[in-house]
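All remarks here apply to the structure that follows.
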Amino acid sequence: MSQQQQVDENLKFFVSELPKLSQTHMGQFALLRNGAITDFFSTPVDALKAGKSLYSDGLFSIQQVTDVPIDLGFFSHAGHNGAS
Amino acid sequence: MPVITGRHNNSDIFLDLGIIDADAIDITDPTKQLTHIPTPNMFRALVDTGAQKTMISPRVIAALNLTPRGRILVSGVGPTAHYHNGYFFHVAFVVPMIPPGTVIPPNVPTTVQAVVHINTQVIYGGEIPSTGGSFDVLLGMDILATGLLTVQAGHFAFAY
């Protein structure tokens with residue numbers, strides 16, 4: 001499994017769990033691997049450090065527990081958005 | 001406090017900055033951070049005080065061979081929002097060391113010494129899929145808030 005596949009698979013699981021997680025871990029950063037959450041951290045860098053030290057193959061991903069999107073100001077509203 | 005200065009066009013502020021893969025600096029051992037500083041790849045950035053995060057284009061991601069570390073929810077036009085790949089990186093500012101009075105002829109390749117200032121904050125920013133080719137980095141408030149941005153008639157300055 002590639003890192004991109006890991007990220008995408010973990011995102012599917014994360015999105016399905018988000019309503020539940022929002023009640024208990026809002027704002028925190030979840031460390032995920034193989035479609036499951038390993039732990040939660042207060043910053044993305046802490047989650048990255050943990051992921052690197054736990055998984056030597058580098059296959060993990062990080063998701064913030066939030067349903068509030070990042071605003072990119074002018075760029076958001078100029079219609080440049082095209083990601084999936 | 002180092003300062004980057006330049007001209008703006010009354011509409012946008014662009015500046016050149018460096019991006020460094022966060023993996024290139026060992027964050028698990030802070031003592032190593034001062035012993036090996038990679039040379040940053042340089043890109044054109046659009047200063048956007050309305051952007052909450054610094055974002056990077058596919059060209060930056062390809063040039064640095066960055067690894068996606070998650071997905072970041074980004075607002076789109078209207079009520080829509082999309083998940084974009086997220087990457088860890090550092091922003092670096094490069095200040096040319098040109099002695100006062102030095103005349104650099106236009107259109108002539110010239111080598112000048114420069115000082116590289118790497119912002120110590122690790123940025124977890126997302127991919128912007130399309131920038132129209134005019135810039136590759138959207139410089140957001142996560143970096144701008146670490147310094148002082150001044151905009152005056154025709155000029156800007158960013159002290160950090």
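All values below come from the heavy atoms of this structure, side chains included, with hydrogens, waters and symmetry mates left out. Residue numbers start from 1 in every chain, and the chains themselves are labelled A, B, ... in the order their sequence lines are given, proteins ahead of strands.
- Residues B/Val74 and A/Leu72 approach most closely at CG1-CD1, 3.6 Å, considering heavy atoms.
- If you take CG on B/Asn85 and CD on A/Gln3, they are separated by 9.0 Å, rounding to the nearest 0.5 Å.
- When the side chains of ILVMFWY residues are joined at heavy-atom separations under 4.5 Å, either directly or via intervening members, B/Leu46 and B/Phe158 end up in two distinct hydrophobic clusters.
- Contact count versus chain A (heavy atoms, under 4.5 Å) is highest, among B/Gln52, B/Arg69, B/Lys53, B/Met55, for B/Arg69.
- In the hydrophobic clustering of ILVMFWY residues, with side-chain heavy atoms under 4.5 Å counting as a link, B/Ile123 and A/Ile62 come out apart.
- Annotation: B/Arg59, atom CZ; neighbour count of heavy atoms from other residues, nucleotides and ligands within 6.0 Å does not exceed 12.
- Residue pairs meeting the ring-ring contact (aromatic ring centres under 6.0 Å, His included) criterion with at least one partner in residues 28-68 of chain A, sequence neighbours excluded, are A/His25-A/Phe40.
- In terms of the side-chain contact (heavy atoms from CB on, under 4.5 Å) criterion, residue partners of B/Val115 (sequence neighbours excluded) are, by chain and number, B/Met97, B/His117.
- In this structure, the side chain of A/Gln4 does not engage the main chain of B/Pro68 through any donor-acceptor pair within 3.5 Å.
- The cluster map of Ile, Leu, Val, Met, Phe, Trp and Tyr, joined by side-chain heavy atoms under 4.5 Å apart, puts B/Ile118 and B/Ile56 in different clusters.
- With sequence neighbours left out, B/Ser57 forms a side-chain hydrogen bond (donor to acceptor under 3.5 Å, both in side chains) with B/Asp136.
- Contact tally against chain B (heavy-atom pairs below 4.5 Å) for A/Ser61, A/Gly51, A/Pro69: the top residue is A/Pro69.
- Looking at heavy atoms from C-beta onward, A/Leu48 lies out of side-chain contact with B/Tyr124 at the 4.5 angstrom threshold.
- Put simply, of B/Leu138, B/Thr49, B/Thr67, the one with the most heavy-atom pairs under 4.5 Å next to chain A is B/Leu138.
- Side-chain contact between B/Asp23 and A/Lys52 is present, with heavy atoms from C-beta onward closer than 4.5 Å.
- Side chains of A/Ile70 and B/Ile72 form a contact here, defined as non-hydrogen atoms less than 4.5 Å apart.
- Criterion: ILVMFWY side-chain heavy atoms under 4.5 Å apart, direct or through other members. Under it, A/Leu32 and A/Leu59 are not part of a common hydrophobic cluster.
- B/Ile13 and B/Val91 fall within the same hydrophobic cluster, where Ile, Leu, Val, Met, Phe, Trp and Tyr residues are linked whenever their side-chain heavy atoms come under 4.5 Å apart, directly or through other members.
- By a heavy-atom distance cut of under 4.5 Å, A/Val7, A/Asp8, A/Leu11, A/Phe14, A/Val15, A/Leu18 are the residues of residues 5-23 of chain A near chain B, going up by number.
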